[in-house]
Amino acid sequence: MSEPIIICRDVHKWFGNFHAVRGIDMQVEKGEVVVIFGPSGSGKSTFIRTINRLEEHQRGQIIVDGIELTHDVRNIAAIRSEIGMVFQQFNLFPHLSVLSNVTMAPIWVRKWPKQKAEEVAMEILTRVGIPEQAEKYPGQLSGGQQQRVAIARALAMQPKIMLFDEPTSALDPEMIKEVLDVMTELARSGMTMLVVTHEMGFARAVANRMYFFDEGLVVESGTPDDIFKNPQEDRTKLFLSQILSH
Amino acid sequence: MSEPIIICRDVHKWFGNFHAVRGIDMQVEKGEVVVIFGPSGSGKSTFIRTINRLEEHQRGQIIVDGIELTHDVRNIAAIRSEIGMVFQQFNLFPHLSVLSNVTMAPIWVRKWPKQKAEEVAMEILTRVGIPEQAEKYPGQLSGGQQQRVAIARALAMQPKIMLFDEPTSALDPEMIKEVLDVMTELARSGMTMLVVTHEMGFARAVANRMYFFDEGLVVESGTPDDIFKNPQEDRTKLFLSQILSH
Amino acid sequence: MSAEIKAHPGMEKPPTTSVGVLGWLHQNLFSSLLNSVLTLISAGILYLLGRGLVKWALTEARWGVITSNIKVLAWGRYPNEEAWRLGISLLIILAMGLLTWALRRGSLTQNARRALLTVWVLSPVAIVILIHGITLPTIATITNNLGYYIYRPELMPLLGEAWRASAALLVLAFVAGLTCGSVSKRTERLLSLAPLLALFLFTLPLGLLANGSLFGFDLPRLLPQTFALLVGFFSGMTVGRALTSIAAIRWLRIGSWVAVLPGLLILLTTFDVGVESVAPVEVLQIIEPNIWSGMMLTILLAVVSIVASFPIGVLLALGRRSSLPVVKGFSVLFIEVVRGVPLITILFMAQVMLPLFLPLELTVDRVIRAMVGMTLFTAAYLAEIVRGGLQAVRNEQVEAARALGLSEMLVTGLIVLPQALRAVIPPIMGQFVSIFKDTTLVTIVGLLDLLAVGQSVIKQREFLGAVREVYLFAGVFYFVISYAMSVASRRLERQLGVTEES
Amino acid sequence: MKPSTNPFSGSSFWSFWRDTRFLQALAQAIFLLLVFIATRWLIGNLLEALDSRGLSLSFAFLQRTAGFGIGEGLTFERTDSFWYAYVVGVVNTLRVIVVGLGLATIVGIFAGIALLSPNWLLRSIVSAYVEVMRNTPLLVQLFFLYFGIILKLPSLQERITFGSFSLSQRGFFFPRLEPMQSFTLWIVVVAASLLAAIVIFRVLYQRRLLDGVETRPGLWALLPLLGLPALTWLLLPEAPLSLDRPQLDGLRMVGGAQLSPEFAGILLGLVIYTGAFIADIVRSGILAVPKGQTEAATALGLSKFEVLRLVILPQALRVIIPPLTNQYLNLAKNSSLAVGVGYPDLYNVSSTIFNQSGQAVQVITLMMSTYLLISLAISIVMNAINSRLKIVER
Amino acid sequence: QPAEPEVREVKVVETQEVRVVETQEVQVNVPVELQMESERLAAIKANGVLRCGVNSGVPGFGFLNEEGDFVGFDVDFCRALATAIFNNPDAVEFRPLTAAERFTALQTNEIDVLIRNTTWTFTRDVELGTDFGPTTFYDGQGMMVRRDSGFGSLNDMDGATVCVLSGTTTELNLADAFASRGISYTPLVFDKSDETAAAYDQGRCDGLTSDKSQLAGLKTTLSDPAAHLILPETMSKEPLGPVWAHGDQQWGDMVRWVVNGLMIAEEKGITAANVAEKAAGAPEDPEVARLLGLEGEYGQLLGLDPDFMVNVISAVGNYGEIYERHLGPDGTDIPREGSFNALASDGGLIYPQPWR
Ligand SMILES: Nc1ncnc2c1ncn2[C@@H]1O[C@H](COP(=O)(O)OP(=O)(O)OP(=O)(O)O)[C@@H](O)[C@H]1O
Ligand SMILES: Nc1ncnc2c1ncn2[C@@H]1O[C@H](COP(=O)(O)OP(=O)(O)OP(=O)(O)O)[C@@H](O)[C@H]1O
Ligand SMILES: [Mg+2]
Ligand SMILES: [Mg+2]
């Protein structure tokens, strides 16, 4: 077994008095694809956001690529530039062209010269299948295209880890596939990925491990085979039967 | 044959240079239910709105309950208080409670004392099935409830004629039925009704006559039976096939 | 509505009462009895007013008060022979506006954008220099002054100026040390010492002259300077070494030289030692702000407070939304107090109270004080507008930017501000219109803006009491500019509305 | 499995200077320090400046005799104190603000409605008015109004008169009702007849509701309401109210009431100016009410006026209030321009007090706090109205 | 009359001399007076101009002519000072000031000297941190009314509306004058004299009150000067003269003696026309010789050129010439003969201290 690139030990998070994440332990190896699923409000987003400190965890330990997340600004900056994140609502920057969306972070954070950043950006845009949209603005693209730009934007920083928070749930059915294809290709290329999703087809195809969250806890985890064919917990069974019935 | 309560002769209406209603002849008897349908932009709304002079017709004659619609303000006022109208977008007054919405016109136009107006209003609200919402505000009601309040508001003036302009097309499917039920009940009780709608079930069940509009003209008219089973015009057939295929 | 598209065969022409002249008259003026009455009344009022006005304007009004005083109204006490400077400034402003307008339409290339930004930053400086005039120190002034400052500080005309020499040396040595410590090549190191060296080469002769002989240095006198030199240089060197690894060190170096040199010049040469031959050369005749008057002052006041208030307003808006309670509290207090009082009280304060808060030896020109007052006032209003824009930026945008690893500063500068400012261009323009109108209030505190000059030309013998003419003229002047600004803003708003969403 | 680097390295206490919490605290501390240094510097300069000319920061000077006169407002003698002079200024300012707010609102509502009139001519005239007012400085308007129009009116001797009303460059004069001795008795009768009228109205009204007969309550109530006071008026030996007509007495008008040119100037100026802004707000408020509302109300048979009053305006009001509050605040602040036309308002009097006493800091502090209080009061009232009017949503 | 204490002059002389000796040791091209004189004078010299607070709206005293230049009685004293310092009557930066601003301007160092119809009063001298120089014009507050109003004296003006400038002693004297006569009035107060005069001219007020000298000037700017008259009463004493900030005695001395010099010049019959000639010859009158720098080191003691008064007189003329130029019949026409402003020898109050 190789070196774990993400180590979470007993991670807790409260919102006011509400205990949203109630002690998560997780280790992710380099190149692994981990899928997290569970009912709404179970703390999936909150947990995944603690990993790049969009939320601050209040107990436990998170170590990414050997660096522990503390209040230390340098660590936070270092970790964030190693992790790419893709959101449900795309969150592209509407005032910038697609190309500028993608090159912004490399230019300002990695300090690449603009030319290099643009070359890399075009490469990545080609990889996600939309090189011809580079000069457009996000408002002019379809949802699926926007989400692919968002993935490209994250990839442009050449991150070691990618986090996805329900990347397809705001999309129309015909666009879901184009985004999942890109993600599958990414997984195949050896990227370490943490994906919150309910696309079980995707999970079955590429996940190394799956975690089922409920009420801020990991109820069950295992390989897709374990989870789909042989779930141990009643809650898992119930939830799977609900989402697979669609 | 009794006295027609609405007589339209060669009604025309232009918007600037655009000829929206191009000569409609129609007579409606007391107690009749007339359904008007046709493609979007065919002048249905415009025509129905000329009857209570929300639009001014520019040629032809409209006589309602023996009073001709002219520029005479007195005639206009008299005719409007005989005609109730229900809109697609409900158009309830958001700053007034449901009860005040319903009592406003009786109090200000009919000069009823408030108490009487409220008694009548409560009766009508009971009739449309929402007496318990009287004290709420429109913003707090569902679409179906709002449209029923709108019907109650029109009925509170004890009109002789009711105009409906696509009353259900802004509603979610579950709510359409509750509104159509109220309208059916109203039709059964002998109210003269002019309804613009594409709810063909409703038309079949309660309409005495149906008019098919296209490009500002009546293309075809007849009983529901005629229209559904034996349409004469190609345009009617085409249109019916389109909307019934859903 | 698209009548053409929807037109169908067999369409008839509408009745004449709804189109054409008759239709227009009918619909717009006589559609009902009430309307007809209103039309008649309005027409009556219009006729009476219009007739009176036209008759007065053509026969009674003495427009001579405007025509013969047009120069005075335009630039007041600014010397006529220097007025060309104002013309050029105006041209610069116009050109800038046109350029911006023209470039806005196409999508800007990076270079064009940068050029535009440079123009925007540099042109105010250029205008200020043009209008105010400038004296430049010659080599002779510099060496002369530096010489005295360094070797004979006690000869300075104003006591207490001697520290300038030490302070200047300290700073200069620090920057030189910083450079020396952070560059790698040997030649570059030597080069970084050049300014220090030059300083001595230039001033040594004077130092010698001042002290009579080569060996006559009075060491105790030189002690502070020597001390400053050594401390500055070595601390600079240490810092430079420590920072070598930082990527931005190159910019830091360039920046510090750029920042320090003009500062040193000011520090060392503002007071000349009274020797005619080495006085700074007046390249452009200096025209003190308190001479600025007329329309020129009006426009300058407006432009300066608009340009200067913008960054302050943005900072205040950011401060108000800051998570640091102290910063937030300060911003809120400032914004609310300024917005709660009339502008005139702020101007009054700037005129009579501000000087009390400054050291006695520091005097700030009245015009400058008014500019400061107006700037702070506008800044508070801008801050509230910008805050509105900031609120319109969704938090997800911030999160997305953070997730990319951008620092908080970059998140604000690259993501939040551009979106926020774009959203509030129309109200900002509205604020600019109102500040332009508000410049008239300086009349009350005794500045000679267009309105005040207007008031004083009415005192001329031949135009006594030509009150209406002058105020009408002023009114038209303000109207034309304000209205143009509002129209431009409306157009901008429409354009933005079109491009932003799709 | 072991992480390659010790996870605790870089996180222990000694790198506290990179800790976000520490950095935040530090930033605040530095900011505070800067503010503190700046304040200290400013205050230090101030104290030095005051010291060098023997001034203090005490407000005691307000008790000193003012020595000057004030032309308008509460009665003021030269022997009164600075403080009382200040009060006179405040009252004068409040007078302008209160009357101005009311009138500007009325003008604004009418002009706003006119902006939406189908009548092209009316609409054009009003929109020209709005554009001109909005795009020219208030001060220019004030000067034009005061020096160009009001002061060009005929002199007092040649005043324009309509009965006991007269207009001249010295102001607008009109009669005033003066209560006489029998006034007390008469006012009691008026009160009693009002009471009677109410009782009659309610009784008749109830009967109409219950029995359904037309009892004409309004008509019957009117009888005592008007009849009784009129009767007593006639019966009383001396009329309870007399008309106090203004009369020319030497240099001035005595008796009656008057509107001074300065008050009229600042008031009219503010009303016309602010009215234009309010008109625009009213216009967009009305436009913000969906067209369907008008149609629905019209279809119910309500008259145009009723539609406006019952449906449009109440809804428009909710959109209008926040920007209207801003305009109210502006009017209050702009009232300080009264100094341009010589009206002794808060700013004008403060400026005189400052000149006569030399106490810049205190006078300006006092003046600014007063304006702040006025602004605050307006905001509080308007916010209260605003929150009461919120439309109930789901 | 505020006579200068002799003692102080002596002291100044001593210290000056000591310093002069020291400066001569230093063989650099720093002007001698640099280290000795008042700080302000040094600063003025460094600036190259004298900053003088003036009035911009009173014809005869301080007024902006069509070319945009300042002219007037007060303005010429500014020019005189500039000539004394720089030998250039144009080395002045005029700062037009409102009545409200003038003391602040002085106190905050915005101007070097204020020569703007400023009345010497107790509070201003003692409380405001300012010092007053020799009175250049003895004025009194008066009241201007329309001829057709029929007013012959203040006593007729019961109930009148009076236009007055905000924040002046005038405003206070007005209140006193009416109160002492037991009659009432309504003040109409403006911040600027432009507006005050405009309101009076348009008939808004029955009277316009100000210093009589100003009234005479303002009268010429009214639409119909002949239709107005100035009532005989004088409501107050208004000695007007230069003012400077408290604290720099040497600077005050300089201002005082330039003004005195101009008055002495008139006494001695030295005019702009003949001053050069007198300075070239050897005047018999020792005071004239001292005044023109032919005897003694008076100029140096003030930090000025020895012949500074020659420059001053040739640039602006003597006191009488200045008066004649702006306030004489060709100017605003304020009769001098028989007034306080005549020389003491002619029965007036112009009585300069001796130049020795
Ligand atoms: N900023 C916040 N403040 C307060 N409560 C929050 C916040 N963010 C999330 N929560 C609460 O924390 C719980 C977990 O939220 P989270 O978004 O992590 O759930 P989730 O599993 O991602 O659900 P979903 O599938 O709906 O995205 C929820 O109950 C939510 O209401
Ligand atoms: N106020 C108006 N001004 C100009 N054209 C109008 C106006 N109202 C309607 N029209 C045009 O008149 C035509 C008829 O419109 P109308 O609303 O009566 O159609 P409709 O049959 O009700 O269509 P829908 O089913 O979409 O409601 C359309 O082409 C429409 O664009
Ligand atoms: Mg979630
Ligand atoms: Mg329709």
Side-chain angles (χ1 to χ4, degrees), chain B residues 45 48-49 51-55 73 76-98 100-110 112-116 135-143 145-146 150 153-157 159 162-163 165 170, chain D residues 118 120 201-219 221 285-322 385-394:
Chain B
S45 299
I48 203 175
R49 287 154 59 90
I51 294 176
N52 69 348
R53 214 181 178 81
L54 286 182
E55 305 285 355
V73 268
I76 297 176
I79 289 179
R80 279 191 183 144
S81 64
E82 297 305 333
I83 302 182
M85 182 152 183
V86 176
F87 302 83
Q88 183 177 354
Q89 292 299 343
F90 331 140
N91 295 343
L92 293 181
F93 306 132
H95 61 298
L96 299 177
S97 69
V98 165
S100 311
N101 261 281
V102 179
T103 56
M104 168 182 275
I107 289 176
W108 290 96
V109 182
R110 293 253 188 269
W112 290 354
K114 197 173 166 202
Q115 212 177 345
K116 176 178 169 192
E135 292 309 323
K136 290 206 182 150
Y137 283 79
Q140 300 169 298
L141 303 184
S142 75
Q145 291 171 324
Q146 290 196 43
R153 181 174 67 177
L155 289 179
M157 284 288 284
M162 287 282 287
L163 309 178
D165 189 2
Chain D
W120 176 85
F201 183 84
R202 303 211 91 182
V203 167
L204 291 178
Y205 188 76
Q206 285 300 323
R207 264 190 59 199
R208 185 176 82 172
L209 282 190
L210 297 178
D211 307 349
V213 275
E214 184 49 86
T215 48
R216 301 192 186 287
L219 212 65
I286 291 179
L287 282 181
V289 179
K291 215 174 136 220
Q293 293 290 316
T294 322
E295 290 182 347
T298 313
L300 284 173
L302 296 175
S303 72
K304 266 187 187 169
F305 178 70
E306 283 165 344
V307 173
L308 195 66
R309 193 168 70 88
L310 298 173
V311 177
I312 309 291
L313 285 185
Q315 291 184 55
L317 203 60
R318 291 159 168 84
V319 187
I320 287 171
I321 290 213
I385 294 178
N386 194 25
S387 49
R388 275 193 46 190
L389 282 181
K390 280 233 171 69
I391 287 192
V392 184
E393 298 279 351
R394 214 208 281 246

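Labels below follow one simple rule: chain letters A, B, ... track the order of the sequence lines, proteins then strands, and each chain is numbered from 1.
- With a threshold of 4.5 angstrom between heavy atoms, B:I83 approaches chain D through N, CA, C or O but not through any side-chain atom.
- Heavy atoms only, all atoms of each residue included: D:L310 and B:H95 are closest at O-NE2, 2.9 Å.
- Under the side chain to side chain contact (heavy atoms under 4.5 Å, CB included) criterion, D:I286 pairs with D:I113, D:L116, D:V282, D:I312, D:L313, D:A316, sequence neighbours left out.
- Note: B:L96 CG to D:Q315 CD = 7.5 Å, rounded to the nearest 0.5 Å.
- Contacts between B:F93 and chain D at a heavy-atom distance below 4.5 Å involve backbone atoms as well as side-chain atoms.
- When all heavy atoms are compared, the tightest approach of B:L92 to D:Q293 is O-NE2, 2.6 Å.
- With a threshold of 4.5 angstrom between heavy atoms, B:R153 approaches chain D through its backbone and through its side chain.
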Show me the donor-acceptor pairs within less than 3.5 Å that the side chains of residues 297-308 of chain D make with the rest of the protein, sequence neighbours left out.
from   : atom 1 : to     : atom 2 : distance (Å)
D:T298 : OG1    : D:T294 : O      : 2.5
D:S303 : OG     : D:E306 : N      : 3.3
D:S303 : OG     : D:E306 : OE1    : 3.4
D:E306 : OE1    : D:S303 : N      : 3.0

